[in-house]
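To start, the structure under review is shown below, and the notes come after it.
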Amino acid sequence: MSSILIKNGLVVDTEWMRHYDILISGSKIQRVAPSIDYSTLPHDTTVVRADGLCVLPGIIDAHTHYHLVSRGTVTADSFEEGSRLAAYGGVTTVVDFADDNKVSLLDSLHQRRKEMVPMAIDYALHQGVYKYRPDIKKELESIKRAGIGTLKIFTTYKDVGYLVDDREELKTIFKDAKDLGLMVSVHCEDDKIVTELSASWKGQYRPIDHAALRPAEAEAAAIEYVGGIAAELDMPVYIVHLSSRKGLESVRKLRMLGVKVIVETTPHYLFLTKEKLEGPEGPLYVMTPPLRTEDDNEALQEALVNGEIQVVATDHCSFTREQKLESNDCRTIYPGIPGTEELLPLIHTFGMVGGRLSMSQIVNLLSTGPAKIFGLYPEKGSLEVGTDADITLFDPDYSWTISKDTTHSASGYTAYEGFNVTGKVVMTYLRGRLVMGDGIYLGLSGDGKFLRAKR
Ligand code: URP
Ligand code: ZN
Ligand code: ZN
């Protein structure tokens, strides 16, 4: 069994940062200690000097859509491309989605797992539930047994067939999830507000109009709607990709009532505004919910710093420039942008500049927190002895500029073009195997493992 000694890096967990050595044996972390004497180790141990580098538990992107078949097309980053760009970003685990085929959740899950075999990094799945059926509880039981820990519900996209419209049906799904110990995550935009606005809309449908057509009020209303169901059932609810101050205020209201609301946001809602939707490149920045204002950015940034947001994930859903620019009508532009690779450097830059987040907080937001929330801890999200040796070596001082030429999405663009960031991933280990080192991708298609959530 091969051994790797990572020497003298700044080992970061959610509590501590200390100059320690880490010994990897095979796929697991074998020892973590202030100094491990090389002469006591097997003679073929590889020594990696990590002086000046942070040693982080592998980053987890808890919200991705790799190879998403939707709206008559497929996203740009399939499983190989997604794994590759993830490794460049220090991401060793993603949590992607299995769509509901509306016949059998278990078949839907099996189908998605089959598709995901080419993954080169590890992955878990959230299971979409897009239709109530009388025997849904049995179905939920079966997917739980098959390793699902979280359901994904939409409060919008009736037109695409994702909406469970009836409140009682939705409540039953929540109740069954609670009984089975499944987490419910929700994309929050009130479909009625969005469709009524659209019906009475006298304006155009340019990319910039997307922001007005899917307003923050719709997000806030949907949060209060699903939060109300969670309150009645005394259960937690996970809000995906929170985008607005109004939405955040609704979260605060629910929390005041005692509802356990777990909140995820994304770098694009933290750092980009709807001005990106203007001009000929506007379609590149269309996603749902839409980009909003600087005030919304600031509200979410503040919430990130003061602990009101538990997870930053990316909602990576990439289309090529050509796909995005096929339409200039916000109703038909394929929604979504790439983001997994930029996650850690963006959050590090925001956090470290001005001392807004410690490295330990960043680890909690991007690795340990999601691992615990989604039942992957401690194998993922920790540097504990005996756990998977998913390790990201990160140079916190390296300054660089994000551009399409310095990132690896098959979309051919990055939404953060020209952003100057501090901090770069130098090496990414997945279960003790180097999958990216010094700018070279070494991942192996098929090496990624499906992770069963423990709940
Ligand atoms: O526009 C987006 N976010 N596309 C991905 C699917 C979703 O709604 O999360
Ligand atoms: Zn969504
Ligand atoms: Zn999504």
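Computation of the quantities below employed the complete heavy-atom set of this structure, encompassing side-chain atoms and omitting hydrogens, waters and symmetry-equivalent molecules. Count residues from 1 along the sequence. In each ligand, atom 1 is the first atom listed, and ligand 1 is the first ligand listed.
- For the atom pair CG (Leu257) and CZ (Arg252), the distance works out to 14.5 Å, reported to the nearest 0.5 Å.
- Both tests do not hold together for Lys324 against Phe319: distance to the six-membered ring centre under 6.0 Å, angle to the ring axis within 45°.
- Ring geometry for Phe97 versus His126: interplanar angle of 30 to 60°, hence tilted.
- More than 12 heavy atoms of other residues, nucleotides or ligands lie within 6.0 Å of NZ in Lys424, so this atom counts as buried by the packing criterion.
- Evaluation of the side-chain contact (heavy atoms from CB on, under 4.5 Å) rule for Ser83 yields Met119, Ala120, Ile121, Tyr441 as partners, not counting sequence neighbours.
- Around the Zn ion (ligand 3), the protein N, O or S atoms found under 2.8 Å comprise His63 NE2, His65 NE2, Asp315 OD1.
- Ligand 1 is surrounded by His63, His65, Phe154, Tyr157, His187, His241, Met287, Thr288, Asp315, Cys317, Pro335, Gly336, each with at least one heavy atom closer than 4.0 Å.
- Looking at every heavy atom in both residues, Ala87 comes nearest to Thr428 through O-OG1, 2.8 Å.
- Partners of Glu417 under the side-chain contact (heavy atoms from CB on, under 4.5 Å) rule, at least two apart in sequence or in another chain, are Ser403, Lys404, Thr414.
- Judged by the 6.0 Å distance and 45° axis criteria, Arg71 is positioned over the aromatic ring of Tyr157.
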I'd like to know whether Tyr205 forms a ring-ring contact (aromatic ring centres under 6.0 Å, His included) with His210, so could you lay out the CA-CA distance, the side-chain angles of the two residues, the decisive distance to 0.1 Å, and finally the verdict.
CA-CA 7 Å; Tyr205 293 94; His210 195 231; over 10 Å; no

